[in-house]
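First listed ligand is number 1; within each ligand, the first listed atom is number 1.
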Amino acid sequence: MVKSAIDIRIAEHAGFCFGVRRAIRLAQEALKKSKKEKICSIGPIIHNPQEVERFSRMGLEVVGEVDEISKGRVVLIPSHGISPQRQLDLEIKNIELIDTTCPYVKKAQEAAARLSKEGYQVVVVGQKEHPEVKALVEFAGGEGSIVVKDATEATGVPILSEKLGIIAQTTQSKANLNNAISALLERGFSEIKIENTICSDALNRQVAAKNLAEDSDIMLIIGGKESANTRRLFDICKRIKLDTYHIE
Ligand code: F3S
């Protein structure tokens, strides 16, 4: 019988990112400190169903809307953040909040609010349906701000102001952001300000995954199906290797 040796290698940067590890730690501490029935999170704290399920077995309830939360409960804000309006709604109800928003996401939220305050029309390069991006749009002031997923969508951005501010969803690839910026430069805005809000932890994973894919036959990308970070790694590797699979 001929035995074939399979060489299995793990990317230099793999596993939960800094922000997710931080959110898990804060949630664990909260569960230790408060009565379990008091604690809930507004949406899943991270986009990893297996970990969310583990927390659910520990007693962490996931609720969808502020209306569902009664006074006296302790609420975890997820690692990808919530909109300023949602935060305000929770504060008005006098609910104790534990904010697990990743500091990199916070930085992007602050950049969105700052650009808007300085009079820039804000473009967010990212996935429209992702909760982080939805919140970033609200931090940028809602109406005038627009989400584009790539350069093609960027070519259709209406000119509503002389000044354009650009930020990115934290898990975007540099290549996609660069292409979108190039397309926006063609649009005729007289001033463009770019805030690089791509997270360095996500970037390290993208570079490590690309390097490994270039030197492998099959790539397995293991992570939540709803995780923007994981999906980005899948997209990057898929472009290099046809044999790329995303599994949870
Ligand atoms: Fe993770 Fe925070 Fe970056 S959640 S991917 S370290 S933005």
Side-chain angles (χ1 to χ4, degrees), residues 10-30 41-52 54-55 60 62 75-84 86-87 97-115 122 124-140 147 149 166-178 180 194-212 221-237 246 248:
I10 298 172
E12 191 188 344
H13 297 278
F16 287 146
C17 62
F18 154 77
V20 164
R21 277 186 277 122
R22 179 177 172 274
I24 289 172
R25 178 176 50 78
L26 291 173
Q28 278 167 344
E29 284 170 8
S41 68
I42 183 134
I45 54 160
I46 57 170
H47 285 141
N48 182 286
Q50 290 73 23
E51 196 61 7
V52 171
R54 185 176 75 87
F55 271 109
L60 180 63
V62 178
V75 177
L76 291 162
I77 295 176
S79 55
H80 41 266
I82 57 172
S83 72
R86 252 186 163 189
Q87 172 121 10
L97 299 175
I98 297 174
D99 192 356
T100 82
T101 308
C102 172
Y104 289 110
V105 174
K106 272 256 185 286
K107 205 179 129 213
Q109 293 173 344
E110 283 159 14
R114 188 168 52 245
L115 285 169
V122 179
V124 183
V125 181
Q127 305 157 267
K128 272 187 198 71
E129 68 290 353
H130 194 279
E132 177 196 329
V133 175
K134 285 185 182 166
L136 285 178
V137 170
E138 286 198 37
F139 272 94
V147 182
K149 74 169 191 290
I166 305 172
I167 57 167
Q169 181 179 4
T170 51
T171 48
Q172 281 292 294
S173 73
K174 255 207 296 198
N176 196 47
L177 176 62
N178 283 342
I194 303 157
E195 295 255 13
N196 183 5
T197 50
I198 296 179
C199 136
S200 54
D201 222 32
L203 215 53
N204 285 340
R205 278 162 174 69
Q206 291 172 14
V207 173
K210 183 171 177 284
N211 290 342
L212 194 57
I221 314 294
I222 307 171
K225 288 271 157 82
E226 296 303 318
S227 158
N229 212 354
T230 312
R231 271 165 33 183
R232 182 63 55 193
L233 297 178
F234 174 77
D235 289 345
I236 288 170
C237 295
H246 178 178
E248 273 191 350

Strictly by modelled atom types, are Thr101 and Asp99 linked by a side-chain donor-acceptor pair under 3.5 Å?
yes
Separation of Gln169 CD from Arg232 CZ (nearest 0.5 Å)
7.0 Å
Would you call Glu29-Arg25 a salt bridge at under 4.0 Å N-O?
yes
Pair Arg231 + Glu226: basic N to acidic O under 4.0 Å:
yes
Provide the protein N, O or S atoms situated under 2.8 Å from atom 2 (Fe) of ligand 1; waters are not included.
Cys102 SG
Numbered atoms and elements of ligand 1 in range of Asn229, under 4.0 angstrom, heavy atoms:
5 (S)
Ile221: side chain to side chain contact (heavy atoms under 4.5 Å, CB included) partners, not counting sequence neighbours
Met219, Thr230, Leu233, Phe234, Cys237, Thr244
When you check the side-chain N and O atoms of Thr197 and Tyr104, is any donor under 3.5 Å from an acceptor?
no
